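Both ligands and their constituent atoms are indexed starting at 1 by order of listing. Because the structure is predicted, anything quoted here is derived from the model rather than measured.
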Amino acid sequence: MSASYEVKESVAVITMNNPPVNGLGHATRSGIFDGLKKALADSAVKAVLITGAGKAFSGGADIKEFNTPKTFAEPNLHSVIAAIEAADKPVVAAVHSVAMGGGLELALGCHYRVAAPGAQIALPEVKLGLLPGAGGTQRLPRVVGVETALNMIVTGNPTPSEKLAGTKLFDRMIEGDLMAGAIAFAGEIAEKRPLPKVRDIRINFPNREAFFKVARDTVGAAAKHFPAPLKCVDCVEAAVTMTFEEGMKVERDNFLALVQTTESKALRHYFFGERAAAKIPDVPGETPKRPIKSAAVIGAGTMGGGIAMNFANAGIPVMVLEVNQEALDKGLATVRKNYENSLKKGRLTQEKFDQRVGLIRGTLSYDDIKNADIVIEAVFEEMGIKEKVFRKLDEVMKPGAILASNTSTLDINRIAGFTKRPQDVIGTHFFSPANVMRLLEIVRGAKTGKDVLTTTMSLAKKIKKIGVVSGVCDGFIGNRMIEQYGRQAGFLLEEGCLPEQVDRAMENFGFAMGPFRMGDLAGNDVGWYIRKRRYAERPDVIYSKTADLLCERGRFGQKTGAGWYDYKPGDRKPYPSQLVNDMIINHSREIGVERREISDPEIVERLVYALVNEAAYILAEGIAQRASDVDIIYLTGYGFPMHRGGPMFYADTVGLPHVVTAMEKYAGGRHGKFWKPAPLLVKLAAEGKTFNE
Ligand code: 3HC
Ligand code: NAI
């Protein structure tokens with residue numbers, strides 16, 4: 001029974017106790033239900049208080065129970081709330097820390113609510129592709145007003161409890177000892193009758209039609225591939241136009257429909273995937289961490305400046321080291337400009353601006369960085385230069401400093417071998433722009449110390465990144481997979497596509513950007529340089545030369561005003577390029593490939609299954625710890641459509657036997673060898689299993 005029961009001063013106190021966030025799973029619901037029954041049967045009890053132990057009132061329904069019979073097992077959340085509402089003694093919720101989703105709905109079912117300031121109040125179901133399913137859409141508008149409630153429900157964002165003081169949500173804010181204050185409050189109202197019920201509050205809302213029209217237009221435009229936000233609007237409107245019971249039915253029907261959708265399952269997969277990524281099976285949670293109070297970055301280029309900003313944003317002083325004053329000044333000027341833009345847009349206060357800019361300092365001397373707790377190297381992607389830098393770092397850095405590399409493809413074990421302290425060396429692969437993108441691939445070398453790994457994982461959290469562990473291989477998880485995606489995109493150009501068709505197909509599938517627009521944004525020269533090294537090392541790999549031809553023409557993308565597309569000065573919009581399209585068609589002719597019509601589904605299958613197949617090798621080799629890590633990398637670092645849950649989740653929803661069949665079909669075509677399904681994929685498909693089990 002995950003709830004305790006005690007009687008204090010004639011008040012029965014039911015404390016939910018289901019760490020870490022008092023999720024309302026079956027045992028917790030039963031605990032509340034039984035406690036309530038006991039309290040109502042005890043003539044010495046005058047009032048009931050419901051609260052949560054530890055760091056939450058309640059984080060809401062237990063998401064792990066969704067799509068299992070446990071969600072509906074009695075007492076379900078509806079029955080618990082109905083029993084509370086129908087109680088003939090007053091029930092008071094004592095809210096603190098976190099009251100979210102079903103937790104807030106439980107409180108709304110109580111006759112009274114008191115709260116500590118600083119509690120996060122939210123109905124975040126929409127972030128899981130759902131809507132509040134236990135009366136939240138009907139009760140919240142009755143206590144905080146339609147506009148505030150709708151805003152909370154469609155964004156899912158938390159509001160601090162003190163901001164809601166003065167609404168009917170809270171009968172009293174309690175500073176200091178919440179329990180003492182709540183028991184005193186319960187004593188004061190114990191004899192009051194009738195017991196107030198939120199459901200009885202009448203909503204008077206003029207201008208309903210105009211309000212909900214604007215709401216639908218705004219929410220619909222932002223919701224894109226997700227059905228839930230508009231359904232939230234429908235339910236709140238029902239709260240205004242219908243009786244409470246009718247509104248509850250609308251809410252329930254919509255909730256039940258949404259919980260079955262792939263979009264909601266994808267978002268729940270993301271929620272748990274993000275948390276699973278933080279776990280490393282052979283590194284226990286209690287592994288000691290090294291303190292990180294100062295940092296250094298080597299190289300103030302595209303990545304170095306952005307990486308330094310992350311530290312400054314988290315309040316950690318950071319020194320940036322460059323080869324010469326000119327490069328240093330240029331890098332620091334870019335950082336300053338980024339902060340100035342945020343200041344101008346009102347995203348940063350002057351005080352924060354000064355603080356952050358003040359935390360980043362430049363230097364040309366290793367002597368100035370030798371005491372940093374962590375140093376991240378972000379110099380050119382060339383092993384020779386990395387070697388020079390790491391030998392120097394080994395010589396100068398204090399013992400115990402973490403030596404990290406931002407390399408996007410190179411062998412971390414070789415880099416570690418340039419030092420006498422390979423246990424201190426790790427890969428920290430940021431994504432561009434490094435101050436914006438949430439993903440951080442953390443590359444664990446063969447000799448990386450467990451304390452170094454766990455310190456870097458918690459640093460990721462501190463600088464607001466999602467850290468995902470990768471083993472060592474060329475390109476790690478993300479870029480190793482994207483190589484295969486890029487190879488297929490190149491073959492498609494040779495066989496009949498033009499860049500705009502491929503991009504359109506992938507963007508319609510839901511990618512933020514198709515591969516060619518992405519190349520133009522990131523710089524086509526980056527891939528060109530990598531291909532030169534990679535395919536010199538692996539001459540047997542076949543790939544399309546179209547991208548090389550493009551780079552030979554100096555068309556590196558937006559930064560050179562021309563790439564796969566043409567660009568006009570000051571305009572990021574891509575315009576199809578006759579020159580590039582002719583180049584592609586001529587190339588097909590030169591290599592003797594007869595161009596053909598290629599359908600959008602073929603484009604999507606070939607690009608996405610290329611990712612999936614490579615990931616299956618990556619999983620089998622233990623480079624990725626779990627399939628959901630691959631999904632998190634693609635969702636947060638590569639613009640994979642969130643509503644599809646990542647490549648592995650997507651393959652699972654398509655059905656792995658279908659994926660294998662499609663690959664077998666392509667195996668009969670050009671470069672058929674590419675399409676040999678990975679043994680893990682074949683095995684899972686044959687066993688009727690999925691990647692994410
Ligand atoms: N159900 C099941 N598990 C949950 C959970 C929930 N509602 N909320 C959190 N957890 C688990 C997490 O998976 C994690 O598990 P782990 O330790 O095994 O990885 C653990 O609790 C701690 O979570 P966090 O790492 O996120 O802890 P934080 O302290 O950073 O954040 C929180 C706490 C703000 C409550 C955050 O966990 C959160 O936002 N949770 C989701 C809240 C939510 O979406 N609630 C709505 C649920 S749906 C609902 O209520 C339907 C109803 O309307 C019928
Ligand atoms: P960049 O060319 O923009 O910047 C590199 C900087 O390093 C230059 O300012 C250069 O002056 C400096 N530098 C070179 N040698 C140095 C040395 N010995 N000591 C100090 N500074 C030195 O390169 P970018 O794009 O920032 O890449 C840096 C690293 O990050 C590379 O390993 C790259 O593969 C990786 N990376 C790049 C991404 C991108 O999108 N650009 C994404 C993820 C990783």
Ligand-residue contact atoms, ligand 1 with Phe66, heavy atoms, under 4.0 Å
48 (S), 51 (C)

What atoms in ligand 1 come closer than 4.0 Å to a heavy atom of Val21?
5 (C), 8 (N), 9 (C), 10 (N), 33 (C), 35 (C)

Check ligand 2 against Lys386 and write out every atom of the ligand that is under 4.0 Å from a heavy-atom position of the residue.
31 (C), 32 (O)

For atom 39 (O) of ligand 1, what is the closest protein heavy atom, and at what distance to 0.1 Å?
Met100 SD, 3.9 Å

Thr302 heavy atoms, cut-off 4.0 Å: which ligand 2 atoms fall inside?
3 (O), 25 (O), 26 (O)

Quick check on contacts: which atoms of ligand 1 are under 4.0 angstrom from a heavy atom of Gly102?
49 (C), 50 (O), 52 (C)

Identity and separation of the nearest protein heavy atom to atom 45 (N) of ligand 1
Gly59 O, 2.8 Å

State if Gly331 counts as touching ligand 2 under the rule of any non-hydrogen atom under 4.0 Å.
no

Considering only non-hydrogen protein atoms, determine which one is nearest to atom 9 (O) of ligand 2 and report residue, atom name and distance to 0.1 Å.
Glu322 OE2, 2.5 Å

Give the contacting part of Lys127 toward ligand 1: side chain, backbone, both or neither, where contact means a heavy-atom distance below 4.0 Å.
neither

Return the residue, atom name and 0.1 Å-rounded distance of the protein heavy atom closest to atom 2 (C) of ligand 1.
Asp62 OD1, 3.2 Å

For atom 12 (C) of ligand 1, the protein heavy atom that lies nearest, with its residue and separation
Arg275 CD, 3.6 Å

In short, ring pair (Phe, Tyr, Trp, His ring centres under 6.0 Å) pairs touching residues 248-286 with sequence neighbours left out are His269-Phe649

Please find out if less than 6.0 Å separates the ring center of Tyr638 from that of Tyr485.
no

What atoms of ligand 1 come closer than 4.0 angstrom to any heavy atom of Phe272?
13 (O)

Just which atoms of ligand 1 are under 4.0 Å from any heavy atom in Glu105?
52 (C), 53 (O), 54 (C)

Any atoms of ligand 2 less than 4.0 Å from a non-hydrogen atom of Ser408? List them with their elements.
33 (C), 34 (O), 35 (C), 36 (N), 44 (C)

Measure the distances from the heavy atoms of Phe431 to every atom of ligand 2 and state whether one is below 4.0 angstrom.
no

Which ligand 1 atoms does Leu128 reach within 4.0 Å, using its non-hydrogen atoms?
44 (O)

Interfacing atoms of ligand 1 (cut-off 4.0 Å, heavy-atom, Pro20)
20 (C), 21 (O), 22 (C)

Enumerate the atoms of ligand 1 whose separation from the nearest heavy atom of Pro132 is less than 4.0 angstrom.
53 (O)

My question is simple, although I want it checked carefully: is atom 7 (O) of ligand 2 less than 4.0 angstrom from any protein heavy atom?
yes

If you have a sec, work out which protein heavy atom is nearest atom 19 (O) of ligand 1 and how many Å separate them, to one decimal?
Lys279 NZ, 2.5 Å

May I ask whether atom 32 (C) of ligand 1 is less than 4.0 Å from at least one protein heavy atom?
no

